[in-house]
There are 2 protein chains.
Amino acid sequence: MTELVVKPLTPRAREIVAAARELLEHEGADALTMRRLAERLSIRAPSLYKHLPDKAALEAAVIATGLEDLAAVLEAALIAEAEPLVALAAAYRAFALSHPHLYRLMNDRPLPRDQLPAGLEERAAAPLLRAVENQTCARAVWAFAHGMIMLELAQRFPQGADLDAAWREGVTALQARADYSRQQSKGLD
Amino acid sequence: MTELVVKPLTPRAREIVAAARELLEHEGADALTMRRLAERLSIRAPSLYKHLPDKAALEAAVIATGLEDLAAVLEAALIAEAEPLVALAAAYRAFALSHPHLYRLMNDRPLPRDQLPAGLEERAAAPLLRAVENQTCARAVWAFAHGMIMLELAQRFPQGADLDAAWREGVTALQARADYSRQQSKGLD
DNA sequence: GTCTATAGTGGGATAGAC
DNA sequence: GTCTATCCCACTATAGAC
């Protein structure tokens, strides 16, 4: 019954994960192979398996570091801001665009929830929930932000499109809805 | 100067592209290999290269069929609808969820624009532009829809999350903004 | 239009010695 | 903790015969 869901990494494993994240961020997802990673660490690929069970565990550990960083960035954005949603959107966007390959790894497949520290996913989601106080609104805002980022990273917007304007448009629209639904629920108290 | 940008496919090539799309849709992007495709057609992989120059051309042709279908679906959704944006969102979502692997292939990388029929991308975008009459709004709506779909396909929403509600929230919010900006620009006429 | 043969590259992973 | 040796897999693509 009492099951250790997430095994802590050894110090050496943490070094390997850090190198994996660097490799991913600098050279993209295709470059994140056990061979390339070993090369970066100046060891042989098979040695990696003494520290991490397989590639999935490596990716999960990289994702975990990304979620920690994202959570920290969003928490910081929320401190003493007059317009929390605007600040959150800017911080989320900045994080994604500074770490495009990491962002994709974190978000374009199911989270390896059973290999993540307990509560981490919730911690990353919490700032947005605090800002809009409504799960449904929060999901809509997240989807908008995620869509803007993915379309920008995939170069699907036309050359020269004013993406700042599109962000303002979406955030403004959803902010207004969030304010409205906040008022609605106050009326029920 | 007069350059044929897109070479028309031979009938046999079209059969191959149709088979490729079926393979993609039924078994996912990883299954779309020249070998698997040949196997499905009961020929050998090298034979494919007599009909299509390489895998990139095959993918571009599959993407083109997807864009044609999407454009048709969106055009149909716009006919005689009291709430065009609501209808468009529903049609876009239905298309994406009925063809998840195709949708990803179409949207998570840069479009191979030089291998697509002229005007096709614009044709797929036109219905939304007609519905909101404002490029910036249109981009925000597209991003919202794309984000909802990608997060749903990646199973990033919690089990049991009310996604219909999130769609309504986003579409309502952006509809209101679009109406507002339509009024603003009418004032300037 | 299809074939066989094959080149060239790359991937994840294991066994067992040191 | 690292190594060598190795397995087995898969992929795109080309050459040249039929």
Side-chain angles (χ1 to χ4, degrees), chain A residues 7-64 101-102 104-106 108-112 114-115, chain B residues 7-64 101-102 104-106 108-112 114-115:
Chain A
K7 296 172 194 166
L9 299 179
T10 62
R12 182 55 170 150
R14 257 191 293 274
E15 291 174 11
I16 291 172
V17 170
R21 178 163 158 179
E22 278 179 34
L23 181 58
L24 169 70
E25 297 208 36
H26 291 134
E27 305 191 39
D30 288 351
L32 184 53
T33 71
M34 302 304 271
R35 288 164 137 101
R36 298 284 304 268
L37 175 57
E39 187 183 354
R40 199 181 179 87
L41 289 159
S42 304
I43 61 177
R44 309 291 163 201
S47 306
L48 296 170
Y49 292 86
K50 298 291 184 183
H51 306 285
L52 293 156
D54 52 30
K55 199 190 173 185
L58 174 72
E59 288 181 347
V62 170
I63 288 168
H101 299 295
L102 176 62
R104 284 183 106 119
L105 181 69
M106 289 166 62
D108 77 0
R109 68 205 70 193
L111 276 185
D114 53 349
Q115 297 186 68
Chain B
K7 298 172 193 164
L9 299 178
T10 63
R12 182 54 170 150
R14 256 191 293 276
E15 290 174 12
I16 291 171
V17 170
R21 178 164 158 178
E22 278 179 34
L23 181 57
L24 169 71
E25 297 207 36
H26 290 134
E27 305 191 38
D30 288 352
L32 184 53
T33 72
M34 301 306 269
R35 289 172 173 191
R36 298 284 304 270
L37 175 57
E39 188 184 354
R40 199 180 180 87
L41 289 158
S42 304
I43 61 176
R44 307 292 163 201
S47 306
L48 297 171
Y49 293 86
K50 299 292 184 183
H51 307 284
L52 293 158
D54 52 31
K55 198 189 174 185
L58 174 72
E59 288 180 347
V62 170
I63 289 168
H101 299 295
L102 176 62
R104 285 183 105 120
L105 181 69
M106 290 166 61
D108 77 0
R109 68 203 71 192
L111 275 185
D114 53 348
Q115 298 186 68

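Values below: every heavy atom of this structure, side chains too, minus hydrogens, waters and symmetry copies. Chain naming here is simple, since letters A, B, ... match the order of the sequence lines and numbering starts at 1 in each.
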>> Return the CD to CG distance between A:Glu22 and A:Leu41, rounded to the nearest 0.5 Å.
In response: 9.0 Å
>> I need the CG-P distance between A:Leu37 and C:dA13, as an integer number of Å.
In response: 12 Å
> So what does A:Lys50 touch, heavy atoms closer than 4.0 Å: a base, only the sugar-phosphate, or nothing?
Replying inline: base
> Counting side-chain heavy atoms from CB outward, which of D:dC3, D:dT12, C:dC3 is closest to A:Pro46?
Replying inline: D:dC3
> Separation of B:Leu48 atom CG from D:dC11 atom P, in whole Å?
Replying inline: 13 Å
> What are the two closest non-hydrogen atoms of B:Leu58 and B:Ala20, and how far apart are they?
Replying inline: CD1-CB, 3.7 Å
>> Just the rounded figure in Å: distance from C1' of D:dT14 to CG of B:Asp54.
In response: 13 Å
> Hey, does the side chain of B:Thr33 come within less than 4.0 Å of D:dC11's phosphate (OP1/OP2), counting only N and O?
Replying inline: yes
> Does a side-chain heavy-atom distance below 4.5 Å link A:Lys50 with A:Arg12?
Replying inline: no
>> Looking only at the side chain of A:Ser47 (C-beta and beyond, no hydrogens), which of the listed nucleotides D:dA13, C:dG1, D:dT2 gets closest?
In response: D:dT2
> Which whole-number value in Å describes the distance from A:Glu39 CD to D:dC3 C1'?
Replying inline: 17 Å
>> Could you tell me how far apart A:Arg36 (CZ) and C:dG10 (C1') are, to the nearest whole angstrom?
In response: 11 Å
> What's the CD1-P distance between A:Ile16 and D:dT2, to the nearest Å?
Replying inline: 7 Å
>> Nearest whole Å is fine: how far is D:dC11 P from B:Glu59 CD?
In response: 13 Å
>> What is the separation between atom CE on B:Met34 and atom C1' on D:dC11, rounded to the nearest whole Å?
In response: 11 Å
>> I want to confirm an ordering. Mapping A:Asp30 and B:Arg44 to their closest nucleotides on DNA chain C, which one lands closer to the 5' end?
In response: B:Arg44
> The side chain of A:Ile43 lies closest to which of these nucleotides: D:dG16, D:dC3, D:dC11?
Replying inline: D:dC3
>> Please compare A:Tyr49 and B:Arg12 by the position of their nearest nucleotide in DNA chain C and report the one closer to 5'.
In response: B:Arg12
>> Using a 4.0 Å heavy-atom cut-off, does A:Arg35 contact any base of the nucleic acid, only the sugar-phosphate backbone, or nothing at all?
In response: base
>> With heavy-atom distances below 4.5 Å as the criterion, would you say the side chains of A:Arg104 and B:Asp108 are in contact?
In response: yes
